[in-house]
Novice: 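Here it is, the structure, as structure tokens.
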Amino acid sequence: MLGWFEHRGHVCIVFELLGLSTFDFMSVNDFLPFNLDDIRHMAYQICTSVNFLHMKKLTHTDLKPDNIVFVKSDYVEEYNPKLECTECRLRKPDIRLADFGCATYDHDYHNPVVTTRPYRAPEVVLELGWSHPCDVWSIGCTLLEYYRGVLVFEPDDNIEHLAMMERLLGPLPDQMIKRVVSSKKKYFCNGRLAWDEGSASGQYVSGCCKPLKEYMTCHDSDHENLFDLIGKMLEYDPATRITMEEALEHPFFLPLKQENSA
């Protein structure tokens, strides 16, 4: 915060002038994927920032590419022979988190439903209660979107969203399903998602989603480590989902630490 002032009863806060959001940059770049090194730099900064929030007993609750902003979004245009097209390459992938309007302290009232739908964690969809791990899920969705260039989940409703999760990650755990109460019970039958894969919605989900590892475009150690990290962020059970502190020690970030110590 650089400063603040009041205007017509509103507190206005002054921050540094930033560049495009990561979503707007993807839009300018025709939704081409970010390269792996940029994803690594961005992911480390995101995890560092969100770890700071969680240490301060805050949950952001609305992490997504729109709310992650480049310090400077300057880029050069380069031809990518692999994609056979010209792409925008960032000069420097430094980012800031933005939009804390829905950030919630641990002791504050927790609205049952938070987070923009495509980045919403399963415990939020099922109204099982949420805390810091819902941010981690949103980051996992965001990193996969950076890798692919397009949304991971784009559902019309909750049950379609759950079906997409199962297509990507396998069946929801029994213990989570057993905890479902009230109106959300209608999503399940005999302990399984009440989902017709032969319906129009079922065919849509089958066509637009596939198991997580099938999205890998390369199977070297860097890509394997990224997908291992994303998989740990997209763990169904918030109690066993990786924390931000743990994520910062993940092997995916080892090249950054070696670079900084050189």
Novice: Say whether L248 and L63 are linked into one hydrophobic cluster, either directly or through other cluster members, by side-chain heavy-atom distances under 4.5 angstrom.
Specialist: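 Yes: a chain of side-chain contacts under 4.5 Å links L248 to L63.
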Novice: Fit a plane to each ring of H132 and H54, take the angle between them on a 0 to 90° scale, and name the class: parallel (under 30°), tilted (30 to 60°) or perpendicular (over 60°).
Specialist: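 Geometry flag for H54 against H132: parallel rings.
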Novice: Is the backbone N or O of L36 less than 3.5 Å from a side-chain atom of H41, with the two atoms forming a donor-acceptor pair by type?
Specialist: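 The answer is no, because no donor-acceptor pair under 3.5 Å joins these two groups.
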Novice: Among side-chain atoms of N80 and R89, is any donor-acceptor pair under 3.5 angstrom?
Specialist: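 Looking only at side-chain atoms, R89 and N80 do not form any donor-acceptor pair under 3.5 Å.
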Novice: Verify whether one side chain among D38 and N35 offers a donor that lies under 3.5 Å from an acceptor in the other.
Specialist: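 Indeed, the side chains of D38 and N35 share at least one donor-acceptor pair under 3.5 Å.
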Novice: Give a yes or no on whether V28 and I39 share a hydrophobic cluster (residues Ile, Leu, Val, Met, Phe, Trp, Tyr; joining criterion: side-chain heavy atoms under 4.5 Å apart).
Specialist: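 Yes: a chain of side-chain contacts under 4.5 Å links V28 to I39.
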Novice: Using the rule that Ile, Leu, Val, Met, Phe, Trp and Tyr join whenever any side-chain heavy atoms are under 4.5 Å apart, tell me whether V136 and L53 fall into a single cluster.
Specialist: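 The answer is yes; both residues are in one hydrophobic cluster.
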Novice: With sequence neighbours excluded, what pairs up with P173 under the side-chain contact (heavy atoms from CB on, under 4.5 Å) test?
Specialist: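 Only M176, Y236 meet the side-chain contact (heavy atoms from CB on, under 4.5 Å) criterion with P173.
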Novice: Side chains of M165 and W137: closer than 4.5 Å at any heavy-atom pair?
Specialist: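 Yes. Closest side-chain heavy atoms under 4.5 Å.
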Novice: Can you measure from CD (E166) to CG (L168) and round to the nearest 0.5 angstrom?
Specialist: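 Going from the CD atom of E166 to the CG atom of L168 covers 11.0 Å.
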Novice: Work out which heavy atom in M244 is nearest to a heavy atom in I139; give both atom names and the distance.
Specialist: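 Heavy atoms of M244 and I139 come nearest at SD-CD1, 3.6 Å.
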Novice: Would you please say whether a donor-acceptor pair under 3.5 Å links the side chains of Y146 and T22?
Specialist: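 Indeed, the side chains of Y146 and T22 share at least one donor-acceptor pair under 3.5 Å.
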Novice: Check step by step if side-chain contact (heavy atoms from CB on, under 4.5 Å) holds for L144 and L212.
Specialist: CA-CA 9 Å; L144 189 52; L212 178 62; 3.7 Å; yes
Novice: Does NZ belonging to K185 count more than 12 external heavy atoms closer than 6.0 Å?
Specialist: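 Yes.
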Novice: At what distance, to the nearest 0.5 angstrom, does CG of N111 lie from OG1 of T61?
Specialist: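 Going from the CG atom of N111 to the OG1 atom of T61 covers 9.0 Å.
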Novice: Measure the shortest side-chain to side-chain distance between R96 and F15 over non-hydrogen atoms and say whether it is less than 4.5 angstrom.
Specialist: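 A side-chain contact is absent here, since even the closest heavy-atom pair is not under 4.5 Å.
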Novice: Between atom OG1 of T86 and atom CG of L32, what is the distance when rounded to the nearest 0.5 Å?
Specialist: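 Atom-to-atom, T86:OG1 and L32:CG are 9.5 Å apart.
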Novice: For side-chain contact (heavy atoms from CB on, under 4.5 Å), just list the numbers for H110 and T104, CA-CA rounded to whole Å, side-chain angles, deciding distance to a tenth of an Å, and then say yes or no.
Specialist: CA-CA 7 Å; H110 282 38; T104 305; 3.7 Å; yes
Novice: To check you understand the geometry: which heavy-atom pair defines the closest contact between M26 and P65, and what is its length?
Specialist: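 Answer, listing the atom of M26 first, then P65: CE-CB, 3.9 Å.
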Novice: State plainly whether the residues E249 and K257 are in salt-bridge range, i.e. N to O under 4.0 Å.
Specialist: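 A salt bridge is present here (some side-chain N lies under 4.0 Å from a carboxylate O).
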Novice: Just wondering, do R192 and I177 contact through their side chains at under 4.5 Å, heavy atoms?
Specialist: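 With C-beta onward as the side chain, the pair touches.
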Novice: Does E154, at its CD atom, have more than 12 non-hydrogen atoms belonging to other residues, nucleotides or ligands within less than 6.0 Å?
Specialist: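 No.
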Novice: If I take atom NE2 from residue H10 and atom CZ from residue F5, how far apart are they, to the nearest 0.5 angstrom?
Specialist: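 One finds 11.5 Å between NE2 of H10 and CZ of F5.
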Novice: Keeping E246 on the side-chain end and T243 on the backbone end, is there a donor-acceptor pair under 3.5 Å?
Specialist: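 Such a contact is found between E246 side chain and T243 backbone.
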Novice: Short question: side chain of R241, backbone of E235 - any donor-acceptor pair under 3.5 Å?
Specialist: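 Yes: the side chain of R241 pairs with the backbone of E235.
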Novice: I'd like to check R179 versus Q175 (side-chain heavy atoms, cut-off strictly below 4.5 Å). Are they in contact?
Specialist: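 Result no, sub-4.5 Å side-chain heavy-atom pair not found.
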Novice: For R40, give me all partners under salt bridge (charged side-chain N to carboxylate O under 4.0 Å, His left out), at least two apart in sequence or on another chain.
Specialist: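 Result, salt bridge (charged side-chain N to carboxylate O under 4.0 Å, His left out) vs R40: D37, D222.
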Novice: Per the ring-ring contact (aromatic ring centres under 6.0 Å, His included) rule, what does the pair list look like for residues 180-209, sequence neighbours excluded?
Specialist: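 Non-adjacent pairs meeting ring-ring contact (aromatic ring centres under 6.0 Å, His included): zero.
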Novice: So with a 6.0 Å cut-off around NZ of K210, is the heavy-atom count from everything else above 12?
Specialist: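 Count over threshold, so yes.
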Novice: Among the clusters formed by ILVMFWY side chains lying less than 4.5 Å apart, do L151 and L169 turn up in the same one?
Specialist: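 Looking at the clustering, L169 is in a separate group from L151.
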Novice: Mark yes when over 12 heavy atoms from residues, nucleotides or ligands other than L2 sit less than 6.0 Å from its CG; otherwise mark no.
Specialist: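 Atom CG in L2 is packed in, count exceeds 12.
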Novice: Go through it in stages, so that I can follow the logic: the residues are H219 and K213, the test is side-chain contact (heavy atoms from CB on, under 4.5 Å), and I'd like the CA-CA distance, side-chain angles, deciding distance and then a yes or no.
Specialist: CA-CA 10 Å; H219 289 269; K213 289 294 183 73; 5.8 Å; no
Novice: A quick test of your reading: do over 12 heavy atoms of other residues, nucleotides or ligands sit less than 6.0 Å from CZ of F31?
Specialist: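 It does: F31 CZ has more than 12 such atoms within range.
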Novice: Looking at every heavy atom in both H223 and C218, which two are closest together, and how far apart are they?
Specialist: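 Closest approach of H223 to C218: CB-O, 3.1 Å.
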Novice: Side chains of E6 and C12: does their closest heavy-atom pair fall under 4.5 Å?
Specialist: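 No, every pair of side-chain atoms sits at 4.5 Å or beyond.
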Novice: Nearest heavy-atom pair of C88 and N29: which atoms, and what distance?
Specialist: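 So the two residues come closest at N-OD1, 2.7 Å.
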Novice: Quick check: closest heavy atoms across R167 and S206, and the distance to 0.1 Å?
Specialist: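 It is NH2-O, 3.3 Å.
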Novice: Are a donor atom and an acceptor atom from the side chains of D24 and S21 found within less than 3.5 Å of each other?
Specialist: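 Yes, a side-chain donor-acceptor pair sits under 3.5 Å.
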Novice: Transitively linked via ILVMFWY side-chain contacts under 4.5 Å: L234 with V124?
Specialist: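 As far as the 4.5 Å side-chain criterion goes, V124 and L234 are not connected within one cluster.
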Novice: Hey, does the side chain of E160 reach the backbone of D156 with a donor-acceptor pair shorter than 3.5 angstrom?
Specialist: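 Present.
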Novice: Check for me whether the distance between the ring centres of Y147 and F227 falls short of 6.0 Å.
Specialist: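 Y147 vs F227: aromatic centres under 6.0 Å.
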Novice: Return the CD1 to OH distance between I46 and Y44, rounded to the nearest 0.5 Å.
Specialist: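 Nearest 0.5 Å value for the CD1-OH distance: 13.0 Å.
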Novice: Give a yes-or-no answer on whether the side chains of H250 and D228 include a donor-acceptor pair shorter than 3.5 Å.
Specialist: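 The answer is yes; a qualifying pair exists.
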Novice: Can you list everything that forms a side-chain contact (heavy atoms from CB on, under 4.5 Å) with D66? Sequence neighbours excluded, please.
Specialist: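 For D66, the residues satisfying side-chain contact (heavy atoms from CB on, under 4.5 Å) (neighbours in sequence not counted) are F23, K64.
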Novice: I'd like to know whether CD of E16 has more than 12 heavy-atom contacts from other residues, nucleotides or ligands below 6.0 angstrom.
Specialist: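 Check passes, neighbour count above 12.
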Novice: Just grab all the ring-ring contact (aromatic ring centres under 6.0 Å, His included) pairs involving residues 156-178, residues at least two apart or on different chains.
Specialist: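 Checked against ring-ring contact (aromatic ring centres under 6.0 Å, His included) - neighbours excluded - the pairs reaching residues 156-178 are F153-H161.
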Novice: Quick check: do D62 and T116 have side-chain heavy atoms less than 4.5 Å from each other?
Specialist: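 When only atoms from C-beta onward are counted, T116 and D62 do touch, with a gap below 4.5 Å.
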Novice: State, to 0.1 Å, how close V152 and E145 come at their nearest heavy-atom pair, and which atoms those are.
Specialist: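 Between these two residues, the closest heavy atoms are CG2-N, 4.0 Å.
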Novice: Taking the six-membered ring for Trp and the full ring for Phe, Tyr or His, determine whether the centres of Y105 and H107 are under 6.0 Å apart.
Specialist: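 Centroid distance Y105-H107: below 6.0 Å, so yes.
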Novice: Roughly how far, to the nearest 0.5 Å, is the CG atom of L229 from the SG atom of C47?
Specialist: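 Result: 6.0 Å between the selected atoms.
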Novice: Verify side-chain contact (heavy atoms from CB on, under 4.5 Å) between L97 and N67, making sure each step is shown before the conclusion.
Specialist: CA-CA 6 Å; L97 294 191; N67 291 339; over 6 Å; no
Novice: Tell me whether the count of non-hydrogen atoms from other residues, nucleotides or ligands lying under 6.0 Å of CE in M216 goes above 12.
Specialist: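 Count over threshold, so yes.
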Novice: How about K92 and F70: do any of their side-chain heavy atoms sit closer than 4.5 Å?
Specialist: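 No. Closest side-chain heavy atoms not under 4.5 Å.
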Novice: Between V205 and E197, is any pair of side-chain heavy atoms under 4.5 Å apart?
Specialist: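 Contact flag for V205/E197 side chains = no.
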Novice: If you measure only the distance, is there a donor-acceptor pair under 3.5 Å linking the side chains of D106 and S131?
Specialist: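 No, S131 and D106 have no side-chain donor paired with an acceptor closer than 3.5 Å.
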Novice: Got a sec, which pairs hit ring-ring contact (aromatic ring centres under 6.0 Å, His included) with one end in residues 74-99, sequence neighbours left out?
Specialist: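 Passing the test, one end in residues 74-99: F25-Y75.
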